[in-house]
Structures are given as C-alpha cells and as structure tokens.
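See structure below.
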Amino acid sequence: MAPSIVLVSWMVLGLVMATSTIQVEAARAFFVFGDSLVDNGNNNFLATTARADSPPYGIDTPSRRATGRFSNGKNIPDFISDALGSEPTLPYLSPELKGDRLLVGANFASAGIGILNDTGVQFINIIRMYKQLKYFQQYQTRLADLAGFEEAQRIVNDALVLITVGGNDFVNNYYLVPFSPRSRQFSLPDYVRYLISEYRKLLMRLYDLGARKVLVTGTGPMGCVPAELAMRSPSGQCATELQRAAALYNPQLVQMINELNSQYGANIFIAANTEQKTNDFINNPTAYGFTTSKVACCGQGPYNGLGLCTMLSNLCPNRDEYAFWDPFHPSERANGIIVDMILGGSSNYMSPMNLSSLLALDYNTRT
C-alpha cells in the first residue's frame, strides 16, 4: 500500500539470524511484484510522491539510511531472501542490476500501484502491474543474453515469485474519496469480484511468463491500520467498511488461486492469509511482544496516522514494540512475524500449503 532464476540449490531447514527465524531450502532466484509493502527502492528512480528514500525510513538498517523500503528496516521480501539464504534482490530500475546480479532475481514492485491501472493515479509516475510484467519480460531477455535462452528459462521456472497487490485498490481507489468513480460504478461485492477477475489475468500472465512457484499474499485488515483509524475511527475501532472489503476479498482470492491450480494441474500458486496473521497481533499485541497495534511508530495526529513519516514526525524510540512503522506499513519486526507465517504457517494461514512445504515438495520431485 502507498504513503504496497541459475539453477535452484537447496539447503537443509535451519535457523537464520533475523526476526524471521525459519530457513527453507534455498532458491537463488527470487522475483517480487506488487506495491509498497514489497517495493525495495524502484520508486527512488521515479518522479513520484510515493517514495521512502529519506529519513527516518531505514533507521534500523545497518547503514541507518533510507533504502526505498517502506519500513524502519527489512520488509517482507528481505526476510524471505534471508530464509532462502540469498542476498536481497535489487530494484529492477537500479543501475547495479547487471551481470551476475541478474541471477539472484529482481524486484519489480512499485509503491502506490494496484491491480487496476487507475489505482494510485494521484502518485502519477509509478510502475503499474502491466509495466512490471513488461519489465519481467525485459529482464528475461537480459538474462538470456547472460546465461543463454534455455538456462534463462530454467532459472525463471525454478524461481520463487512473490506478488503482493490489492490493498491500494481499496484504500487508494474505491475508498480514496467519498463517491469515488469506482464506488459509483460498482457495489462493494461487485467491485471485489471485478478485482479478483482482473487479478486472475495477472496471475495467468505470470504463468505464461514462466513463473511456477508463486506466493500470493492477501490484503491485511485494511480498516485497522493507523491511517484509517485516524481518518475514520476516533474511537479506535477498526473501520467497518474497509474490514468488510478485506473479509469479502481475501476468501475469494484463495478460491481463485485454488481454481487456477486445478486449471494448471499443479500447485503453482500458494495463498498467504496475511489478514488473519495481522489480525492476530492487532487483537493481542502483547502476545507478540508489541506494546501497541494501533499507534504508528512514525507519524503525527491521532494514532500517528496522518500524513507522511518525515524527520518532523513523532518517532518512537523502540520500533520493535510497534506493530506499525508508519500510518500504513508494518514495522520490521511485524514483517518478520508475517514471513514466519508464510514459511511455516498452518492451513489456517496458508493454502494449499506453506512455503517451506512447497519448496520441499519441489525438491523431492527434482531428486
């Protein structure tokens, strides 16, 4: 949400020294698509307001410098890279993404985008999903020049793909303003069905481009983020309409993914119920070591939920105690908890299996 393949080598399950503690069998290539929840710096290279390239973003990175991630430190792809035993992927627009760095994969995500091309229009110059997929094609041409066509195909087929998109289609489209164009065009249930049908096309396009292990995250509990509490809920209760939207959207996303897997005759796509896991630490923050799940660490106004996170904002001294870093995005520690769920979560959270199981199954079929 906005202000959201080189052969596979495998390792035995173990521990990584990160907030996310599960390590899975490693795949060197990793591709990321989506919005600000997974953008690691593409928007730094674009003329847009949807950027996280200035302090205090990145305050808990080793360099203590903003990297373009909408986090105080690591985001979800970083923790997945840790678990895979790989270095973090570079933003596709980074001039450093060349030569052997292409073998690690690439991050195509761009803050502000949604499933629909009209989502995030206020951010102007962002990499919408159709363009992210075009860049993926372009990447494969570059990879083939480096490694040869057949090897490039194998690298892409063996890679892990993460896609995180959809929240902005509600927060920065349907509910952006009262009587928004999309809310006049669709009732909420019809809008959700439309989003799912458009998302299906994106996932099928990813498959056509060679993706064979795709992790798809749902939306979080959108009405509970500090920004929505500040704007819609003076009492501190989660905003009802946005919660209704998430409750309609996420089960239909899982259903669509199951249908696609049946269509392709294989478990190509796995769904992560990030709404449920985030609800867990929102409803019981102390059980996860947080002191608050309502107030953002960085921001201003009620719940630190208004405006942007800047050097002039309120800034908490201990980011690990906050579930939310800024008005919309989880803290580094919360991101680690979410990735632990992705890697090892039960069927209550992951469908049809968790990521560790998917990669272990893939390993067993290849040996």
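We number each residue from 1, following the sequence as shown. It should be emphasised that the depicted structure is a prediction, and the values quoted were computed from it without experimental measurement.
- Between F269 and Y207, a ring centre-to-centre spacing not shorter than 6.0 Å is recorded.
- S331 contributes a side-chain N or O that, together with a main-chain N or O of Y322, makes up a donor-acceptor pair within less than 3.5 Å.
- Checking side-chain atoms of N250 against main-chain N and O of G218 turns up no donor-acceptor pair under 3.5 Å.
- Residues E87 and R101 are paired through a salt bridge, judged by an N-O separation under 4.0 Å between the basic side chain and the carboxylate.
- Between Q276 and D280, the side chains place a donor N or O and an acceptor N or O closer than 3.5 Å (distance only, hydrogens not considered).
- Heavy atoms only, all atoms of each residue included: L206 and I163 are closest at CD1-CD1, 4.2 Å.
- In summary, the side chains of N72 and D60 do present a donor paired with an acceptor at a separation below 3.5 Å, with no hydrogens or angles considered.
- Side-chain atoms of N173 and S180 include no donor-acceptor pair closer than 3.5 Å.
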When you look at R232 and Y175, which way does the side chain to side chain contact (heavy atoms under 4.5 Å, CB included) test go after all the steps?
CA-CA 11 Å; R232 303 176 190 270; Y175 291 108; 3.6 Å; yes

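- Counting non-hydrogen atoms of neighbouring residues, nucleotides and ligands closer than 6.0 angstrom, the OH atom of Y264 exceeds 12 such neighbours.
- A donor and an acceptor atom, one from each side chain of N314 and Q300, are nowhere located under 3.5 Å apart.
- Using a 4.5 Å cut-off on side-chain heavy atoms (C-beta onward), T219 and T274 make no contact.
- With salt bridges taken as basic N to acidic carboxylate O contacts below 4.0 Å, one links R200 and E259.
- Donor-acceptor pairing under 3.5 Å is recorded for the side chains of Y92 and Q138.
- A 4.5 Å side-chain heavy-atom check between M222 and R244 finds every atom pair outside the cut-off.
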Worked check of side chain to side chain contact (heavy atoms under 4.5 Å, CB included) between M256 and L260
CA-CA 6 Å; M256 180 265 282; L260 278 179; 3.7 Å; yes

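- Between D145 and R142 there is no salt bridge, since no side-chain nitrogen of the basic residue lies less than 4.0 Å from a carboxylate oxygen of the acidic one.
- In the hydrophobic clustering of this structure, M204 groups with L253; members are Ile, Leu, Val, Met, Phe, Trp, Tyr whose side-chain heavy atoms approach within less than 4.5 Å, directly or through other members.
- Look at D320 and R333 and you find no salt bridge, because none of the NZ, NE, NH1 or NH2 atoms lies under 4.0 Å from a carboxylate O.
- N107 places no side-chain N or O within donor-acceptor distance of the main-chain N or O of N42, the cut-off being under 3.5 Å.
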Please lay out, stage by stage, how V104 and F30 fare under the test side chain to side chain contact (heavy atoms under 4.5 Å, CB included).
CA-CA 6 Å; V104 177; F30 179 33; over 6 Å; no

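- Note: the hydrophobic cluster containing V254 does not contain I270 (ILVMFWY, side chain heavy atoms under 4.5 Å, direct or indirect links).
- Closest approach of P88 to D78, counting heavy atoms only: CB-OD1, 3.8 Å.
- Taking each heavy atom of A159 and F31 in turn, the nearest pair found is CB-CE1, 3.4 Å.
- Taken as a pair, C316 and C297 meet the criterion of an SG-SG distance shorter than 2.5 angstrom.
- Taken together through direct or relayed side-chain contacts under 4.5 Å among Ile, Leu, Val, Met, Phe, Trp and Tyr, L242 and L176 form parts of separate hydrophobic clusters.
- Between the side chains of Q122 and N172, at least one donor N or O sits under 3.5 Å from an acceptor N or O.
- Of all heavy-atom pairs spanning P55 and A66, the tightest one is N-CB, 4.2 Å.
- One N or O on the side chain of K294 and one on the backbone of G236 form a donor-acceptor pair closer than 3.5 Å.
- Here the two rings, on F170 and Y249, have centers that are under 6.0 Å apart.
- A chain of hydrophobic side-chain contacts below 4.5 Å, direct or via other Ile, Leu, Val, Met, Phe, Trp or Tyr residues, connects M353 to V339.
- Checked by atom type and distance alone, the side chain of R193 never pairs as donor or acceptor with a backbone atom of L188 at under 3.5 Å.
- In this structure, the separation between CD on Q132 and CD1 on I113 is 5.0 Å, given to the nearest 0.5 Å.
- Linking ILVMFWY side-chain heavy atoms closer than 4.5 Å, directly or via other members, places L195 and Y174 in a single hydrophobic cluster.
- Side-chain contact of S71 with E332: a donor-acceptor pair under 3.5 Å is absent, judged by distance alone.
- Looking only at distances, no side-chain donor or acceptor of T286 sits under 3.5 Å from a matching main-chain atom of G289.
- Side-chain atoms of R212 do not come within 3.5 Å of backbone N or O of N157 as any donor-acceptor pair.
- Looking at D118 and R182, a side-chain N of the basic residue comes within less than 4.0 Å of a carboxylate O on the acidic one, giving a salt bridge.
- Judged purely by atom type and a 3.5 angstrom limit, N304 has no side-chain atom pairing as donor or acceptor with the backbone of P226.
- Between the side chain of Y349 and the main chain of I342, no donor-acceptor pair closer than 3.5 Å is present.
- D169 and Y194 share no side-chain donor-acceptor pair at under 3.5 Å.
- Minimum heavy-atom separation, E228 to V171: OE2-CG1, 3.6 Å.
- Here the side chain of S262 pairs a donor or acceptor atom with the backbone of N258 at under 3.5 angstrom.
- For the side-chain contact (heavy atoms from CB on, under 4.5 Å) with I257, the qualifying choice from I268, N267, V216 is V216, the only one to do so.
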Apply side chain to side chain contact (heavy atoms under 4.5 Å, CB included) to residues F108 and I127 and explain how you reach the verdict.
CA-CA 8 Å; F108 303 90; I127 313 170; over 6 Å; no

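- A pairwise comparison of heavy atoms in L315 and C298 identifies CD1-CB, 4.0 Å as the closest pair.
- More than 12 heavy-atom neighbours from other residues, nucleotides or ligands sit within 6.0 angstrom of CG on D190.
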Show your working on side-chain hydrogen bond (donor to acceptor under 3.5 Å, both in side chains) between S110 and N43 and close with a plain yes or no.
CA-CA 6 Å; S110 178; N43 281 20; 2.6 Å; yes

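- Under the 6.0 Å cut-off for aromatic ring centres, W325 and Y57 qualify, their centroids lying closer than that.
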Run K74 and D82 through salt bridge (charged side-chain N to carboxylate O under 4.0 Å, His left out) and show every step you take.
CA-CA 10 Å; K74 294 178 179 179; D82 285 346; 2.6 Å; yes

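- Judged purely by distance below 3.5 Å, without hydrogens or angles, the side chains of T164 and T217 pair a donor atom with an acceptor atom.
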